[in-house]
Amino acid sequence: MMDKEVRLPGPRIWTPVHLAEFFEFSIHWVYKVTSAKSSDPPPRCPGVSRLRFDTDSVEFQEWIKRQLGPGDAIDIKREHKV
């Protein structure tokens, strides 16, 4: 059985605000979960000095699935205001 891709709302490159809005958490949570002390931080865009996340990358897709938990079909259609 093949893993399904998680379809996330655009844009493809998320800022900390996008990630916080998606999970309905605070910006503080984003910075805490991305810190060096975090056991499972979200993968960042390589080569970018600012905190950015490529929602189409395999690593980010795997991370988001771990955060959302098990499920056969994951299709998130929330719209971001940013």
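Numbering starts at 1 and runs along the sequence shown.
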Handout entry: side chain to side chain contact (heavy atoms under 4.5 Å, CB included) evaluation trace for Leu51 with Thr15
Key = CA-CA 6 Å; Leu51 193 55; Thr15 65; over 6 Å; no
Problem - Heavy-atom side-chain contact between Pro11 and His18 under 4.5 Å - result: yes
Exercise for the section: Enter the distance from Thr34:OG1 to Leu19:CG here, rounded to the nearest 0.5 Å. Expected result: 8.5 Å
Practice task
Please tell me if the side chains of Phe53 and Cys45 come closer than 4.5 Å, counting only heavy atoms from C-beta onward.
Solution key: no
Exercise for the section: Work out which heavy atom in Ser38 is nearest to a heavy atom in Lys32; give both atom names and the distance. Expected result: CB-O, 4.0 Å
Practice task
State, with a plain yes or no, whether a side-chain heavy atom of Phe23 is found less than 4.5 Å away from one of Ile64.
Solution key: yes
Handout entry: Within-4.5 Å side-chain heavy-atom neighbours: Ile27 and Val17
Key = yes
Practice task
Return the minimal non-hydrogen interatomic distance between Val48 and Arg44, and the atom names on each side.
Solution key: O-NH2, 4.5 Å
Problem - Test log, rule side chain to side chain contact (heavy atoms under 4.5 Å, CB included), inputs Asp40 and Gln67 - result: CA-CA 9 Å; Asp40 188 19; Gln67 306 316 302; 3.2 Å; yes
Problem - Shared hydrophobic cluster, Ile13 / Tyr31 (ILVMFWY, side-chain heavy atoms < 4.5 Å) - result: no
Handout entry: Close side-chain approach of Pro42 and Val33, heavy atoms under 4.5 Å
Key = yes
Handout entry: Side-chain (Thr55) to main-chain (Arg12) donor-acceptor, under 3.5 angstrom
Key = yes
Practice task
Answer yes or no: is there a donor N or O on one side and an acceptor on the other, between the side chain of Ser57 and the main chain of Asp54, under 3.5 Å?
Solution key: yes
Practice task
Describe, in one word, how the ring planes of Phe60 and Trp14 are oriented to each other, choosing from parallel (under 30°), tilted (30 to 60°) and perpendicular (over 60°).
Solution key: perpendicular
Practice task
Mind checking the OG-CD spacing from Ser26 to Glu21? Nearest 0.5 Å is all I need.
Solution key: 12.0 Å
Handout entry: same_hphob_cluster(Val58, Leu68) at 4.5 Å side-chain heavy-atom cutoff
Key = no
